[in-house]
Amino acid sequence: MTEFWLISAPGEKTCQQTWDKMMVATTRTNALSTNNKFNIPDLKVGTLDVLVGLSDELAKLDTFVESVVKKVAQYMADVLEDSRDKVQENLLANGVDLVTYITRFQWDMAKYPIKQSLKNISEIISKQVTQIDNDLKARASAYNNLKGNLQNLERKNAGSLLTRSLADIVKKEDFVLDSEYLITMLVVVPKTSYADWQKTYETLAEMVVPRSTKLLFEDNDSGLFSVTLFRKAVDDFKHKARENKFIVRDFQYNEEEMKADKEEMTRLSTDKKKQFGPLVRWLKVNFSETFIAWIHIKALRVFVESVLRYGLPVNFQAMLLQPNKKNMKKLREVLYDLYKHLDSSAAIIDASMDIPGLNLSQQEYYPYVYYKIDCNLLDFKV
């Protein structure tokens, strides 16, 4: 279970008392959650107007940054392809797993100096994550193009004999080349029709060279045969072959073209390998950066919301709860009983209730400040 509830409640006589009360209620008699204090430094409060505006801006920023965190994580899984079970060990924040980072959260004073206003800090985060999002789009587009081109070539080399590239199958000696009169053609024959082919191929047109057919390659369903005939009989031969369910491949032996195809495949494959390492490193670094930024936004939201709800001077305790999955409903009830005195109107408002005229379906409102942090960042289970 990697869901956390980040909550805050006003300090009683001291913030420690607020913490102790919550601990007794949630852990003493029943293991409803695993709890940690969530340390938010003394940030600059600013004016009430600024806080109200910032509350909305931070909500939008939270949604945006979370979407970038998920995009980077998901793209990491896509890039790792067959090793996607390794994705979790690459999704770290500051070198530690996400649960450890969140439960031991320390504000990064170097990245987000607390002498700056709250608005400035949120703008620093917004710029930083927008830049990462733009970089991700550019890098993903370049790598996906490369991967797509390589996959197209691989598909051409691995399809059925009717469609696949023949460059790695045929050799120069399989063909009559540079002849004014003769041409070698390639025909795909179903395995069940080999005997028919051998019996009839010399009679499919008037000018087929006797005993000129040779089996060059087989896959599960068909064989690729060569046959030599006079150029003037080609159309007739194709027509008759089709009537007999033999498919003539449109192919001309061209060494230069085949060599170019092989070289292109090698080049794309080498390029992909070259780009893979740096791309994974970039994703690891920027996943960490984005995730750290995201948790700092949560801290900012708790701070702003707590000041707006509980007033000045700043006096609240931020707490991080990791709910026990089986007891989530019970935990909600215990927290409600503990904090219902903070806001009597919260008593009637539950996210699952649909109250006409109140658009609360998109958010959950409780008498205490509450934000969810969900660390399930991938669309699939690894």
Donor-acceptor pair between [X] and [Y] side chains, under 3.5 angstrom:
| X | Y | answer |
| --- | --- | --- |
| T26 | N35 | yes |
| D62 | Y371 | no |
| D196 | S193 | no |

Holding to ring pair (Phe, Tyr, Trp, His ring centres under 6.0 Å), I want the full list of residues that pass it with Y253, two or more places apart in sequence or in another chain.
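Y253: ring pair (Phe, Tyr, Trp, His ring centres under 6.0 Å) contacts with F175.
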
Shortest non-hydrogen contact between L216 and S226, atoms and distance:
CD1-CB, 3.9 Å

Using a strict cut-off of less than 4.0 Å between a Lys/Arg side-chain nitrogen and an Asp/Glu carboxylate oxygen, indicate whether K329 and E333 qualify as a salt bridge.
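Looking at K329 and E333, the cut-off is met.
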
Under a 4.0 Å N-O cut-off, is there an ion pair linking R267 with E263?
no

With a 6.0 Å cut-off on the ring centroids, do W294 and F291 count as close?
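Distance test on ring centres: under 6.0 Å, yes.
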
Would you compute the distance between atom [atom1] of [X] and atom [atom2] of [Y] and round it to the nearest 0.5 angstrom?
| X | Y | atom1 | atom2 | answer |
| --- | --- | --- | --- | --- |
| T2 | L98 | OG1 | CG | 8.5 Å |
| I247 | R242 | CD1 | CZ | 8.0 Å |
| S126 | L61 | OG | CG | 5.0 Å |

Heavy-atom side-chain proximity of L377 to F287 below 4.5 angstrom:
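In short, these two side chains touch, coming nearer than 4.5 Å.
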
Return yes if some donor-acceptor pair links the side-chain N/O of D374 with the main-chain N/O of N376 below 3.5 Å, else return no.
yes

By the definition side-chain hydrogen bond (donor to acceptor under 3.5 Å, both in side chains), identify the one residue from Q317, K21, Q17 that meets it with E12.
K21

Considering residues, nucleotides and ligands other than Q151, do more than 12 of their heavy atoms fall under 6.0 Å from its CD?
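Yes.
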
